[in-house]
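Quick note: numbers below take in every heavy atom, side chains included, and nothing from hydrogens, waters or symmetry partners. Residue numbers start from 1 in every chain, and the chains themselves are labelled A, B, ... in the order their sequence lines are given, proteins ahead of strands.
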Number of protein chains: 2
Amino acid sequence: MSPARRRVIPEATIARLPVYHRCLLQMQAEERSKASSEQLAEMAGVNAAKVRKDLSYFGSYGTRGVGYGVDHLLVEIRRELGLTHDWPCVIVGAGNLGSALAKFAGFSDRGFSVVAVVDIDPARVGEQVGELVIQHEERLAELVLEHAVVIGIITTPPAAAQEAADTLTQAGVRSILNFAPTVLDLPADVLVRDVDVAVELQILAFHEERRAAAKASATAAAKPATAKPAATKPATGKQVTAKRATAS
Amino acid sequence: MSPARRRVIPEATIARLPVYHRCLLQMQAEERSKASSEQLAEMAGVNAAKVRKDLSYFGSYGTRGVGYGVDHLLVEIRRELGLTHDWPCVIVGAGNLGSALAKFAGFSDRGFSVVAVVDIDPARVGEQVGELVIQHEERLAELVLEHAVVIGIITTPPAAAQEAADTLTQAGVRSILNFAPTVLDLPADVLVRDVDVAVELQILAFHEERRAAAKASATAAAKPATAKPAATKPATGKQVTAKRATAS
DNA sequence: CAGCGCTCGTTCACATGTTCACAAAGTCGC
DNA sequence: GCGACTTTGTGAACATGTGAACGAGCGCTG
């Protein structure tokens with residue numbers, strides 16, 4: 001209840017907010033007006049207590065005995081996430097990924113609009129990508145200022161990423177989504193989120209590798225009669241419990 | 001040193017291994033034979049103690065007073081991550097993102113080879129994407145078995161993702177990289193990693209929103225003479241590099 | 001309008017992850 | 001060889017995040 005408490009919101013909670021938001025949108029589309037923490041939890045693939053705690057950080061408006069009002073909660077979350085206004089973004093690097101993101105319309109409905117795409121290759125300048133025309137990377141700083149860009153999306157090869165990030169930062173951008181497989185070195189007040197597909201694949205590979213090793217050693221150890229078939233714990237982290245196989 | 005200890009490796013450590021791997025590759029390219037935890041930490045953007053602890057989970061392959069042998073460490077990490085052999089992947093959904101990933105060669109050098117791309121749209125079947133030809137999604141299960149696919153990459157629209165995941169799972173795939181903005185409901189032994197660009201953008205937006213709010217309230221509170229100009233703490237002082245966050 | 005059942009919000013114990021600090025263990029110069 | 005110096009490996013404090021349990025408040029019903 002203390003207003004001071006609401007100031008500090010855990011990172012983990014923040015990362016879940018967009019998921020709740022998505023679930024609530026779906027509920028709204030299904031014309032459901034109320035949602036219990038239990039229902040929301042199942043849809044979001046998390047624990048119900050976590051949902052309640054997450055929402056309580058914002059002084060949330062649930063009704064005991066009833067649940068949360070879908071519309072109301074949506075408004076609250078949308079405001080917290082700043083989805084009420086527009087977020088101009090710029091994409092640096094018009095390769096496969098950059099182009100795909102530029103064409104993809106899935107963000108615009110949440111207020112993220114790509115206002116420019118730049119590339120360093122002069123041969124690509126002028127090319128049409130979605131509704132935009134590729135511009136030269138020289139103009140990056142200029143474009144940032146012109147469109148009041150807030151979020152920079154880096155999809156260059158790793159070698160070019162740092163320079164792109166520096167240019168963005170100097171032009172005033174403080175939020176960067178980095179797809180390049182490099183660690184960017186930037187001032188402390190710049191928030192970087194890394195998305196690296198290769199890293200994700202390697203994490204999956206690690207677990208596969210472990211699984212194979214566990215199975216192999218289990219088979220090897222299976223010569224005594226008392227083998228432990230289910231003893232190899234899956235070591236899931238955030239994994240959903242497969243409690244319901246709602247195939248129907 | 002106890003062998004039992006090495007069994008349990010924290011998720012967070014696993015997620016950093018690929019980053020270390022990447023840094024070591026770069027060091028190797030620069031002909032450096034030794035790396036201290038300090039150097040590795042700086043390059044990877046983390047704490048030196050964390051590097052040492054992470055690496056120690058796999059055994060002590062450093063030399064006190066000297067550091068880690070780059071080549072040796074690379075071999076160890078590569079083995080842990082299972083990068084010594086090939087990981088056949090399949091991409092479900094040949095939209096913008098799916099196509100971009102299929103064309104992108106950045107994974108193949110780490111053992112991840114895309115062996116097939118499928119799409120549900122008959123009009124797209126037969127189309128060339130990179131070195132592959134798009135096949136119909138009907139053949140998905142068949143292709144998984146044929147190529148012994150281990151990792152499934154879902155790049156379909158959200159509505160189609162669950163079905164794709166089910167098909168993959170029934171065909172024996174236990175590792176899924178999901179780009180679709182949906183929570184997949186799968187058996188507990190299937191490991192899913194979600195990559196959602198919209199979520200990442202919303203997280204950035206949240207922090208931007210907070211920043212703006214902090215600045216606004218600081219300005220509002222500046223009407224008394226004793227305004228605190230540097231009181232809006234973006235991050236605590238000694239932090240030099242940008243605040244870093246990797247996707248889940 | 002009182003009791004009852006439902007569900008939120010909060011508290012507490014536990015698990016996971018990070019950072020510090022330092023002894024152990026090695027190298028290098030002499 | 002020996003002592004000084006460097007850097008690892010790890011135990012222990014600290015911070016963050018999770019999950020279970022439960023009291024408090026709300027609506028429904030008789």
Which residue pairs satisfy the salt bridge (charged side-chain N to carboxylate O under 4.0 Å, His left out) criterion with at least one member in residues 67-77 of chain A, sequence neighbours excluded?
->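 Checked against salt bridge (charged side-chain N to carboxylate O under 4.0 Å, His left out) - neighbours excluded - the pairs reaching residues 67-77 of chain A are A:Glu76-A:Arg79.
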Atom-to-atom span, [atom1] of [X] to [atom2] of [N] - whole angstrom:
X       : N      : atom1 : atom2 : value
B:Gln39 : D:dT7  : CD    : C1'   : 11 Å
A:Ile9  : D:dG17 : CD1   : P     : 12 Å
B:Phe58 : D:dG9  : CZ    : C1'   : 15 Å
A:Arg52 : C:dT10 : CZ    : C1'   : 10 Å
B:Tyr57 : D:dT8  : OH    : C1'   : 15 Å
A:Asn47 : C:dC12 : CG    : P     : 19 Å

Under the ring pair (Phe, Tyr, Trp, His ring centres under 6.0 Å) test, residues paired with B:Phe206 that sit two or more places apart |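 Result, ring pair (Phe, Tyr, Trp, His ring centres under 6.0 Å) vs B:Phe206: none returned.
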Under the side-chain contact (heavy atoms from CB on, under 4.5 Å) rule, collect the residues that match up with A:Pro157, sequence neighbours excluded.
->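 For A:Pro157, no residue satisfies side-chain contact (heavy atoms from CB on, under 4.5 Å) once neighbours in sequence are set aside.
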With sequence neighbours excluded, tell me which residues meet side-chain contact (heavy atoms from CB on, under 4.5 Å) with B:Thr169.
->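 Testing B:Thr169 for side-chain contact (heavy atoms from CB on, under 4.5 Å), a comparison that skips the adjacent residues, returns B:Arg174, B:Ile176, B:Leu186, B:Pro187, B:Val190.
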Side-chain N or O of [X] closer than 4.0 Å to phosphate OP1/OP2 of [N]:
X       : N      : answer
A:Ser37 : C:dC8  : yes
B:Tyr68 : D:dG9  : yes
B:Lys50 : C:dT19 : yes

Test for a donor-acceptor pair under 3.5 Å between the base of C:dT19 and the side chain of B:Lys53, counting only N and O atoms.
->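 Indeed there is one.
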Counting side-chain heavy atoms from CB outward, which of D:dA20, D:dT18, C:dA21 is closest to A:Ala49?
->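 It is D:dA20.
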Could you tell me whether B:Glu38 contacts a base, only the sugar-phosphate backbone, or nothing, with contacts defined as non-hydrogen atoms closer than 4.0 Å?
->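 No contact.
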Can you list the residues that meet the side-chain hydrogen bond (donor to acceptor under 3.5 Å, both in side chains) rule with B:Arg64, with sequence neighbours excluded?
->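 Residues passing side-chain hydrogen bond (donor to acceptor under 3.5 Å, both in side chains) with B:Arg64: none at all.
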What does nucleotides 25-30 of chain C look like as a protein-contact string, B for base, S for sugar-phosphate only, - for none, at under 4.0 angstrom between heavy atoms?
-> BBS---
Do B:Tyr61 and B:Phe58 have their ring centres less than 6.0 Å from each other?
->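 That pair fails the under 6.0 Å test.
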